[in-house]
Amino acid sequence: MHVSTPTGPAPGTRARRAAAALAVAAALTLVPAVPAAATAAATGAATGAATGAATGAAPPVDLDALFIGAHPDDEAFTLSTLGQWNEDHDVRTGVVTVTRGEGGGNAVGPEEGPALGRLRGAAPRTAVGKAAVREVFNLDDVDFYYTVSAPLTDQVWGGDTLEKVVRLVRLTRPEILLTMDPAPTPGNHGNHQEAARLAVEAFRAAADPEAFPEQLREEGLRPFAPARLLTGGARGTSRTGPDCASTFRPANAAQNVFGVWSGRTSPSRGRTWAAVEREAQRVYASQGWAGFPDVPSDPAQLGCDFFTQVDARVPFPAPGSAAAAAPTAVLDGALTRASGTAPLGTLFGLRTSVFDVRPGTPFTVEVSVKAPPREPLGRSSVALRVPEGWQVSTSPSTGTTPKTATSPGPDATSPGPDAVPPGPSTTSPVPGAVSPGPGSAGLGRLAAGRSGSATFKVTPPSGAALGRARIAATLTTEHGGGYTDRQVEVVRSVRGAQQPLPQVAQYEQWIAETGVPQLRGLVTPVLTLPSGGTRQVGVQVTNVSDAPASGTVRVDLPPGFTADRTQAPYTGLAAGSTTTLPFTVTNSDPTLETSNEGGDYTYTLTATGPDGTTTSRPALELVPATTVPQAPAAPAVDGTESGGEYGGPALDISRLWEGTACSSAADCSGTAKLTWHDDTLYVLVHVRDDVPGTRLAASDCKRHWRTDSVEITLDPRGTSENTSTTFKTAVLPATAEGPPCHLRDADNRQGPGEETAPGMRVASNVSAGAYTVELSIPLAVLPGAVDPAHLGLNILVYDSDTQDRTGQTRIGWSTWGGVQGDPYRWGLATLPAYQPPPDRPTTPPDPIIPDTALSSLDSPQSLEQSVRVHVPPSGPASPPSQTARAVSATAGHEAVRVTFRAASRGQAHLFVRDDGGTAGSRVVPIPTKGTTTVTVPLTRPLGARPTVVAGWQSPDGGTAASQVPVR
């Protein structure tokens with residue numbers, strides 16, 4: 001943990017002591033009150049490292065920051081910042097990848113599954129190393145296909161992923177957690193959402209001794225409370241250039257967003273950090289990133305990496321201040337100390353009694369401060385800052401508490417980071433704030449380790465503006481000041497909202513259960529309806545007051561839409577209850593643009609209650625619709641259209657949804673026709689394509705987005721939340737061997753088409769500048785009986801103009817970013833007169849999803865890191881009674897003999913390594929404790945500096961790693 005002080009960087013030993021003090025203070029303070037025995041367990045290790053969990057007697061690596069993502073490369077757009085932090089402030093960052101990316105594409109070879117995981121898992125060690133990030137931790141959960149569903153991701157990953165994240169946080173003790181976007185915004189990968197949610201939960205759980213207590217009891221870990229939690233990216237606008245941080249304007253004005261400019265030049269590298277980051281990104285060649293273009297050479301054209309703060313336990317820079325726009329803004333209060341701010345290790349938090357506050361109704365605010373364990377703050381006071389016109393009074397409960405007093409738990413104390421100078425200047429201006437007045441409170445003298453708190457009563461005026469507001473507090477001490485804040489939302493007694501999509505409803509439920517209401521409302525409420533069609537739109541009315549309420553809800557739709565009624569009443573809605581009022585909405589003008597060309601058709605929803613009205617702006621989105629006619633006879637599946645085979649309309653599938661726009665119709669465009677006969681759907685697709693992409697081998701007929709292909713997606717009943725209950729097939733019009741091939745991907749059952757869609761037939765006709773694919777899909781292979789009035793349908797074209805197994809353009813029929821994973825945004829097809837067999841089930845079968853992930857024990861890079869940083873490879877450390885290690889290794893002509901000493905039975909994973917990589921490997925069961933000699937065959941002659949790195953799995957699942965030189 002490296003820290004800078006007002007006079008410059010602190011020596012390493014001093015920095016370590018300061019960071020350790022912060023860790024101890026966080027662990028002791030920001031956890032719920034627990035019995036004395038539990039407290040002893042939680043604090044007993046506070047004077048040293050958690051050696052019982054490490055691989056060996058040395059303490060685990062002590063990190064400053066930890067990025068938590070889902071796949072290798074998720075961190076790749078933060079490397080500019082991580083590199084700057086390391087170069088300027090010696091910040092040591094680690095990267096967590098929940099999976100190794102086994103489910104992604106591969107632009108460099110045929111590997112998939114664990115083999116692809118080994119390839120992708122090795123890339124980030126090189127990539128992040130360019131930003132001086134050395135540690136990459138893999139949690140060994142399986143990566144499966146692209147999905148936008150966090151619930152499906154949680155289901156596939158299983159119930160132990162949070163435990164693994166918490167273990168890693170407790171082991172490596174990072175002051176700063178960085179992660180991804182947890183919200184189901186359109187196109188946001190469900191794996192990314194879930195990784196972010198795990199980070200948010202771990203921020204709280206790692207500090208709580210009642211969370212995963214076996215880690216404390218059996219593994220020797222201790223609670224640890226990170227100082228700050230931020231997500232990468234931000235919602236808002238900014239300019240490029242060196243003022244990108246100071247010119248950022250968040251969409252939510254009460255949100256704290258910090259930026260780090262990528263246009264700064266690295267003194268040691270002689271290039272902008274954006275250029276360094278781009279070089280690192282190109283390492284991910286398997287994902288098609290090797291061809292990423294150069295970044296602009298003009299620094300004025302380069303922007304910021306932005307980070308949105310979710311929570312904090314320490315002071316942080318006040319919004320609008322110079323410190324908030326500095327490159328250290330995320331570090332301040334946690335790892336760096338700006339001039340005039342409180343000592344590192346100071347805890348400063350603010351909590352409100354409620355998140356939803358009502359005009360004229362008071363609520364309480366508690367501000368808490370704790371001095372570092374070994375450094376006093378002296379005479380201290382806090383001042384509350386509220387929007388103009390809000391009233392503040394101080395509670396008589398204000399005062400100091402002894403070090404041993406019960407402190408608020410991590411959910412309650414969500415302080416914030418940086419500080420401001422003592423004296424009058426500590427009350428840094430807050431937009432809309434008033435002077436302290438009665439909002440000030442003295443805390444007396446805070447000696448080292450002592451805490452104080454102040455409670456305030458805050459009353460918004462009757463005319464308070466609705467929406468998010470910031471409640472802030474400033475700290476003044478004899479040794480520096482600080483700032484923290486918290487969001488609240490001003491609401492009426494009744495609010496109305498358009499019914500959420502299933503994944504949004506699940507996200508809002510997670511927010512409520514996790515206690516992070518500040519993450520609410522990140523997703524624009526949208527519902528889809530077919531062009532020229534009708535659907536029911538539910539308006540959810542919630543009474544947030546403490547008394548029954550009655551009123552009305554009104555919808556004012558945009559031109560081209562009508563409803564069966566514009567207003568509906570509700571009566572006697574109980575306090576805390578929600579009711580849904582249905583409106584039948586019709587797209588009365590079918591000429592309106594659909595898909596991303598039409599975008600969001602926003603309307604006004606007004607809910608009236610006893611104390612006034614609340615308005616919101618949800619949206620409707622149009623998806624295309626078509627009627628699929630019945631064919632008098634089954635079309636011949638031959639790749640050509642004969643007269644009378646397809647009587648339906650030609651669908652335009654030329655709209656862009658991702659990638660580079662087509663330069664012309666000849667570059668990429670297409671049409672499609674459909675028909676049905678008996679129990680089979682027939683599809684004919686014409687594509688214009690002037691430059692063919694890579695012809696993959698028939699044995700490599702997978703990951704169709706790497707080259708030219710056509711994808712057909714079918715949602716049998718038009719109600720799927722994610723693609724695990726759908727049918728998705730892709731056709732490659734040509735292979736290296738010539739004929740087309742087909743497959744299923746990212747659906748209810750993936751794999752080669754012959755195996756996963758028995759009876760399906762494909763044909764193609766490839767000519768200069770065009771190709772046609774034709775296919776027949778037995779409806780029996782779909783996951784459930786088709787509802788002929790609500791068949792979800794999409795037709796997507798992937799266009800590649802290169803020979804490097806990368807696609808550049810994606811066009812289709814119902815087009816939105818990420819639409820391949822969003823069934824609710826597919827188009828609607830009706831099949832008049834079609835009736836599925838009466839015995840065909842409507843409930844989809846359980847999906848078959850890849851479940852084999854590469855283990856860290858099978859990754860020599862992970863094992864070498866484990867030895868170096870003393871963190872067990874993806875799991876709890878083997879206890880002394882079940883551990884093992886390699887003790888010696890001797891080279892022979894064609895093999896290496898390894899002496900292995902085990903305290904119990906288990907399994908050894910052995911790798912012979914040299915400067916050229918792996919020269920031999922073997923997995924060996926060890927049947928009993930004692931010393932065993934194992935022969936590892938060599939696949940090539942040994943190079944320089946050979947070693948054997950050994951992974952170990954004990955009977956109870958614990959792991960260990962060791963390494964010995966080869967003699």
Side-chain angles (χ1 to χ4, degrees), residues 145 147-149 151-152 155 499-506 526-538 582 584-585 587 594 621-630 648 651 674-683 711-729 744-750 756-757 759-760 776-796 813-814 816 819-849:
Y145 55 69
T147 179
V148 294
S149 174
L152 180 64
Q155 174 186 333
Q499 69 184 73
L501 293 164
Q503 62 265 45
V504 177
Q506 188 274 341
V526 299
L527 291 174
T528 57
L529 74 161
S531 177
T534 297
R535 70 161 297 158
Q536 187 178 95
V537 174
T584 301
V585 176
N587 170 219
T594 68
E621 295 178 340
L622 291 176
V623 297
T626 190
T627 298
V628 180
Q630 181 178 9
L651 307 181
L674 297 94
T675 190
W676 67 273
H677 181 77
D678 290 339
D679 197 35
T680 301
L681 182 71
Y682 296 84
V683 186
E711 182 177 30
I712 312 297
T713 72
L714 299 170
D715 181 5
R717 311 195 68 76
T719 58
S720 293
E721 186 272 331
N722 61 72
T723 60
S724 71
T725 53
T726 70
F727 174 92
K728 297 179 63 187
T729 187
R744 287 179 65 176
D745 178 82
D747 67 350
N748 190 254
R749 184 186 178 195
Q750 309 90 56
T756 60
M760 179 175 163
S776 66
I777 304 172
L779 296 179
V781 303
L782 271 60
V786 166
D787 178 350
H790 298 94
L791 174 64
L793 166 72
N794 215 350
I795 302 170
L796 306 170
W813 185 47
S814 187
W816 310 86
V819 72
Q820 77 272 41
D822 253 339
Y824 81 95
R825 282 180 155 169
W826 297 351
L828 174 71
T830 57
L831 282 64
Y834 172 77
Q835 290 295 326
D839 59 346
R840 185 168 295 165
T842 58
T843 302
D846 291 337
I848 299 173
I849 295 178

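Heavy-atom basis, side chains included; hydrogens, waters and symmetry copies ignored.
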Legend entry - Closest approach of D715 to P823 (non-hydrogen atoms, all atoms of both residues): OD2-CB, 4.0 Å
Inset, instruction - Give a yes or no answer on whether the side chain of T680 reaches the backbone of S776 with a donor-acceptor pair at less than 3.5 Å. - result: no
Legend entry - Non-hydrogen atoms of R535 and Q499 that approach each other most closely: NH2-NE2, 3.9 Å
Legend entry - salt bridge (charged side-chain N to carboxylate O under 4.0 Å, His left out) pairs, two or more places apart, involving residues 824-834: E621-R825
Inset, instruction - Would you name the heavy atoms of L529 and N587 that are closest together and state the gap between them? - result: CD1-N, 3.8 Å
Inset, instruction - Verify the distance criterion only: is there a donor paired with an acceptor across the side chains of S149 and E721 at less than 3.5 Å? - result: yes
Inset, instruction - Determine whether V819 and T713 make a side-chain contact, defined as any pair of heavy atoms from C-beta on separated by less than 4.5 Å. - result: no
Legend entry - Rounded distance [0.5 Å steps], NZ in K728 versus CZ in R744: 11.0 Å
Legend entry - Close side-chain approach of L674 and L651, heavy atoms under 4.5 Å: yes
Sequence neighbours excluded and cut-off under 3.5 Å, please list the side-chain donor-acceptor pairs for residues 778-796, or say none.
| residue | atom | partner | partner atom | Å |
| --- | --- | --- | --- | --- |
| D787 | OD1 | A789 | N | 3.0 |
| D787 | OD2 | H790 | ND1 | 3.1 |
| N794 | OD1 | S814 | N | 2.9 |
| N794 | ND2 | S814 | O | 2.9 |

Inset, instruction - Of all the heavy-atom pairs spanning Q820 and W826, show the shortest one and how long it is. - result: O-CZ2, 3.8 Å
Could you pull out all donor-acceptor pairs under 3.5 Å where a side-chain atom in residues 838-848 meets a protein atom, sequence neighbours excluded?
| residue | atom | partner | partner atom | Å |
| --- | --- | --- | --- | --- |
| R840 | NH1 | D679 | OD1 | 3.3 |
| R840 | NH1 | D679 | OD2 | 3.0 |
| R840 | NH2 | D679 | OD2 | 2.6 |

Inset, instruction - List for me each residue that meets side chain to side chain donor-acceptor pair (under 3.5 Å) alongside T594, sequence neighbours excluded, and say none if there are none. - result: R655
Legend entry - side chain to side chain donor-acceptor pair (under 3.5 Å) partners of N722, counting only residues at least two apart: S724
Legend entry - Y834: ring pair (Phe, Tyr, Trp, His ring centres under 6.0 Å) partners, not counting sequence neighbours: W676
Legend entry - Working for side-chain contact (heavy atoms from CB on, under 4.5 Å), residues V585 and L527: CA-CA 11 Å; V585 176; L527 291 174; over 6 Å; no
Inset, instruction - Check the pair M760, F727 against side-chain contact (heavy atoms from CB on, under 4.5 Å), reporting the backbone distance first and the verdict last. - result: CA-CA 12 Å; M760 179 175 163; F727 174 92; 4.1 Å; yes
Legend entry - Intermediate values then yes/no, side-chain contact (heavy atoms from CB on, under 4.5 Å), V526 and Y824: CA-CA 11 Å; V526 299; Y824 81 95; 4.0 Å; yes
Inset, instruction - Kindly give the heavy-atom pair with the smallest separation between D747 and R749, and that separation in Å. - result: OD1-O, 2.9 Å
